[in-house]
Visitor: 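Before we start, here is the structure in question, set down as structure tokens.
In what follows, every chain begins at residue 1, and chains take the letters A, B, ... in the order their sequences are listed. Values reported hereafter were calculated over all heavy atoms of this structure, with side chains retained and with hydrogens, waters and symmetry mates removed.
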Number of protein chains: 2
Amino acid sequence: MTRARPARRVTIVDVAAHAGVSTAAVSKVLRNAYGTSPAMIERVRASMAELGYRPHAAARGMRGRTFTVGVLLDSIRNPFFAEVLDGVRDGFDGTDYHVFVGAAGFSPQDQRAMADAMVDRQMDGIVVVGPSIHPEDVADIARGTPTVVIGPHDPVDGYDAVVHDEFAGARAAVQHLHALGHRRIALAGTLGTPGNRWARRPEVLLEEGYRAAMAAAGLGEHVRVVHGRQYEEGGRESGTVLLTGSPRPTAILAWTDAAALGVFQAASELGIGVPADLSLVGYNNTSLATLTGVALTSVDQAGAQMGTAAATLLLERLEGRTRDTVVTTTPQVVVRRSTAATGTTGTTDGTDRAAAS
Amino acid sequence: MTRARPARRVTIVDVAAHAGVSTAAVSKVLRNAYGTSPAMIERVRASMAELGYRPHAAARGMRGRTFTVGVLLDSIRNPFFAEVLDGVRDGFDGTDYHVFVGAAGFSPQDQRAMADAMVDRQMDGIVVVGPSIHPEDVADIARGTPTVVIGPHDPVDGYDAVVHDEFAGARAAVQHLHALGHRRIALAGTLGTPGNRWARRPEVLLEEGYRAAMAAAGLGEHVRVVHGRQYEEGGRESGTVLLTGSPRPTAILAWTDAAALGVFQAASELGIGVPADLSLVGYNNTSLATLTGVALTSVDQAGAQMGTAAATLLLERLEGRTRDTVVTTTPQVVVRRSTAATGTTGTTDGTDRAAAS
DNA sequence: ATGAGAACGTAGAACGTTCTCCGCGTGTTG
DNA sequence: CAACACGCGGAGAACGTTCTACGTTCTCAT
């Protein structure tokens with residue numbers, strides 16, 4: 001009513017007194033546990049509403065659940081994560097769980113510390129997105145707290161995973177480019193985060209898929225891979241290397257939309273037109289792909305869907321499932337204006353000298 | 001050592017037993033409170049290390065602090081928030097506090113619910129970034145939990161604020177453009193989030209600064225303002241409106257980098273070159289500004305610095321300060337390649353017919 | 001009527017901290 | 001030498017839940 005004093009918190013005890021029942025009864029209503037009559041539920045609910053009761057999460061944490069799940073990632077800056085997060089939030093919508101994000105930074109120590117912080121705060125579940133943090137650490141944490149990993153394809157061990165079929169995604173991209181007549185299709189890849197110990201990271205599968213698809217299309221001799229750093233700068237560096245090399249590729253698949261934009265930048269600087277002289281395919285189909293008139297063709301990986309899947313898996317774990325489960329999502333090439341058929345320009349020099357990575 | 005059984009948590013009791021002291025003593029060491037000898041501190045510390053003790057945040061929450069602060073924002077997607085968050089994390093670096101992000105979405109109800117969730121989890125402090133959430137709600141929450149608001153210029157009431165001088169920023173942008181010879185300088189602004197009840201939101205000050213600067217430069221008759229929606233789409237719509245109107249502006253100041261990219265897109269679609277036919281200035285100087293060869297001139301608002309300032313203010317509050325404090329950061333125009341002097345192209349038609357907003 | 005269950009509620013002990021007293025030694029002072 | 005202060009450490013009561021036991025009452029077949 002009046003905003004008055006600092007207003008001591010309304011507790012279960014207050015509600016119990018007001019409703020004329022025991023605290024245990026109130027607790028039961030709260031958790032809709034066994035042993036409550038409709039009449040009592042009604043009365044308690046009314047009291048809770050009237051008093052404006054809100055459960056004290058910390059106190060809950062001492063006994064049971066905190067109704068909190070943590071999403072652990074390296075940086076907010078990655079637009080793909082935004083999609084995943086939306087999916088996770090969606091997946092928990094309608095439940096009593098709240099989602100908090102921990103942006104841990106890139107060092108393994110910091111990431112481990114963040115994970116510990118989540119555990120210390122009695123979070124009920126943790127979603128690790130992107131191959132942050134060491135796999136052993138994940139297994140370690142999963143021993144105490146239900147955990148879902150989004151990204152790496154390594155065999156799970158006491159936790160669940162949501163993965164995307166990068167192998168198929170790379171294949172689809174190569175096929176798309178090959179269908180347009182491209183033969184010298186290069187990959188701007190990455191070696192991944194230093195210190196990362198996952199073996200089967202998304203980038204690894206993507207490269208395997210690329211190589212396999214090239215071989216299957218009879219383009220094995222045109223395989224060309226450059227490993228760059230993260231984000232735009234990495235893409236720009238890789239792009240420069242690829243586009244100043246000889247023979248120059250007519251198409252580049254980048255392992256990330258951001259990297260693709262970096263390649264685009266390198267191309268502009270070299271006076272190479274996209275898609276006239278170079279077809280460019282990104283990966284993840286984030287908002288970057290549609291930005292700024294680039295209209296990047298990109299492989300969609302349905303980040304939101306992956307997030308929702310992670311939420312569902314976590315909820316199942318919280319319900320008691322113990323068998324490790326892996327969910328795989330499938331890619332889809334979204335064609336925009338950064339890819340075009342070859343031969344639309346005279347840049348092709350006919351020679352097709354091979355160049356392996 | 002051995003990873004062994006599910007490993008019951010190491011508690012203060014275990015540490016006490018191991019060090020041969022009371023739990024109270026351990027607690028004192030933990031909080032470096034009064035009444036401890038160097039010898040005892042040493043012994044307890046050793047035991048904590050050996051046993052791998054980590055404080056149980058939920059239990060702490062029942063009594064004192066949880067060493068947790070929450071950052072409340074609408075969406076992770078905003079790259080400016082990424083900068084702010086980095087600043088906040090920086091500001092808490094070296095302390096025992098951990099930072100968690102709540103992405104609440106755009107509805108006032110959801111934002112309030114998120115704030116409540118943070119309070120329920122006994123977070124020690126809350127940073128509200130961007131004019132999310134109602135001001136009355138903020139005041140309400142601040143009554144129980146130290147709070148810092150980043151963005152709006154409304155008078156504070158029981159909390160602290162970090163604001164940026166958008167008035168000066170807009171003025172600097174206009175001056176920059178005017179110095180390049182531009183006279184028909186338009187503003188692609190916004191009406192802000194619907195349902196938002198802050199009166200002096202950043203956009204409002206920005207528009208005021210724009211109008212004042214135009215007047216001061218004797219360009220009052222060229223003032224032209226369009227209010228669009230959020231992000232790229234909004235910028236694109238506004239850009240289309242402005243660029244198809246007559247007389248067409250030779251320069252546009254957008255209230256956000258994303259909006260500026262939208263304007264850029266609209267310009268491309270209309271065959272209007274940047275900066276040849278149109279000079280474009282963004283706001284916030286986020287990573288978007290450097291992306292994709294756009295090389296956007298933008299007004300830097302030092303997001304990281306704002307975040308750090310917020311952290312500092314919060315720490316001070318937690319130390320006991322009660323007087324409301326406001327920190328203001330100053331803007332700086334970062335010139336890139338989206339602005340150029342007029343007259344470099346023949347598009348100028350000489351007529352300078354006025355057009356008020 | 002009687003007893004067996006089911007249905008409904010309650011008491012009270014955790015959970016892991018913090019923090020207010022309280023007491024014990026050991027000087028220090030009048 | 002009594003009185004007192006001070007430095008150090010401990011006992012134990014919170015904090016707001018959950019949940020296991022355990023009563024009590026009701027239902028219903030025998």
Side-chain angles (χ1 to χ4, degrees), chain A residues 6-45 47-48 51-68 96 116 119-124 144 318, chain B residues 6-45 47-48 51-68 96 116 119-124 144 318:
Chain A
R8 207 183 50 78
R9 237 194 127 85
V10 177
T11 78
I12 212 180
V13 180
D14 304 322
V15 175
H18 187 272
V21 295
S22 72
T23 60
V26 178
S27 175
K28 278 186 180 176
V29 172
L30 226 40
R31 299 170 287 133
N32 37 31
Y34 175 86
T36 47
S37 64
M40 190 192 81
I41 292 177
E42 183 54 38
R43 204 144 38 93
V44 171
R45 288 255 164 79
S47 294
M48 291 201 296
L51 269 49
Y53 168 78
R54 275 179 9 223
H56 189 299
R60 282 184 145 179
M62 296 229 44
R63 302 277 336 191
R65 316 182 153 181
T66 54
F67 294 97
T68 310
D96 289 330
D116 285 343
V119 171
D120 292 344
R121 279 155 188 76
Q122 295 293 105
M123 293 198 177
D124 300 326
L318 291 167
Chain B
R8 205 183 50 77
R9 237 196 128 84
V10 177
T11 78
I12 212 180
V13 181
D14 303 322
V15 176
H18 187 271
V21 295
S22 72
T23 60
V26 177
S27 176
K28 280 183 183 175
V29 172
L30 225 40
R31 300 170 287 132
N32 38 32
Y34 175 87
T36 48
S37 65
M40 191 193 80
I41 293 178
E42 183 54 38
R43 202 142 42 93
V44 171
R45 287 256 165 79
S47 294
M48 293 201 296
L51 269 51
Y53 168 78
R54 274 178 9 222
H56 189 298
R60 283 185 145 180
M62 295 228 46
R63 301 279 336 194
R65 315 182 155 182
T66 54
F67 293 97
T68 310
D96 288 333
D116 285 344
V119 171
D120 292 345
R121 278 154 189 77
Q122 297 292 108
M123 293 197 177
D124 299 326
L318 291 167

Visitor: To the nearest 10°, let me know how far the axis at one end of the helix from C:dA1-D:dT30 to C:dG30-D:dC1 is tilted from the axis at the other, five pairs an end.
Guide: 50°
Visitor: Going by the side-chain hydrogen bond (donor to acceptor under 3.5 Å, both in side chains) test, which pairs reach into residues 16-34 of chain B, not counting sequence neighbours?
Guide: B:H18-B:S47, B:S27-B:R31
Visitor: State the CG-CZ distance between A:L318 and A:R65, to the nearest 0.5 angstrom.
Guide: 5.5 Å
Visitor: Specify the separation, in whole Å, of atom CZ of A:R63 and atom C1' of D:dC15.
Guide: 14 Å
Visitor: Quick one: B:N32 CG to C:dC19 P, roughly how many Å, whole number?
Guide: 12 Å
Visitor: Using modelled atom types and a 3.5 Å cut-off, is there a donor and acceptor pairing between side-chain atoms of A:R54 and backbone atoms of A:R9?
Guide: no
Visitor: Starting at NE2 of A:H56 and ending at C1' of D:dC15, how long is that distance when rounded to a whole Å?
Guide: 7 Å
Visitor: Strictly below 4.0 Å: does A:S27 bring a side-chain N or O up to OP1 or OP2 of D:dT18?
Guide: yes
Visitor: Please give, in whole Å, the distance from C:dT17 C1' to B:Q122 CD?
Guide: 13 Å
Visitor: Rounded off to whole Å, could you give me the CD-to-C1' distance for the B:E42 and D:dC8 pair?
Guide: 17 Å
Visitor: Using a 4.0 Å heavy-atom cut-off, write out nucleotides 4-10 of chain C from 5' to 3' as B (base contacted by protein), S (sugar-phosphate only) or - (no contact).
Guide: ---BSBB
Visitor: Determine the contact category for A:T11: base if any of its heavy atoms lies under 4.0 Å from a base atom, sugar-phosphate if only primed atoms, P, OP1 or OP2 are that close, otherwise nothing.
Guide: sugar-phosphate
Visitor: Rounded to whole angstrom units, what separation is found between the CE atom of A:M48 and the P atom of D:dG16?
Guide: 17 Å
Visitor: Who pairs with B:T68 by side chain to side chain contact (heavy atoms under 4.5 Å, CB included), at least two apart in sequence or on another chain?
Guide: A:R121, B:T66, B:F100, B:M123
Visitor: Working to the nearest 0.5 Å, report the span between CG of B:L30 and CZ of B:R45.
Guide: 8.5 Å
Visitor: Could you tell me whether the phosphate oxygens of C:dT18, OP1 or OP2, come under 4.0 Å of any side-chain nitrogen or oxygen in B:R60?
Guide: yes
Visitor: Figure out the CG/P separation between B:D96 and C:dT18, and round it to whole Å.
Guide: 11 Å
Visitor: Please list, chain by chain and in numerical order, all residues satisfying side chain to side chain contact (heavy atoms under 4.5 Å, CB included) with B:M40, sequence neighbours excluded.
Guide: B:V21, B:A25, B:V29, B:T36, B:S37, B:R43, B:V44
Visitor: State the CE-NE2 distance between A:M62 and B:H56, to the nearest 0.5 angstrom.
Guide: 5.5 Å
Visitor: Expressed as a whole number of angstroms, how long is the span from A:M62:CE to C:dA13:C1'?
Guide: 13 Å
Visitor: Would you please name every residue forming a ring-ring contact (aromatic ring centres under 6.0 Å, His included) with A:F67, sequence neighbours left out?
Guide: A:Y97
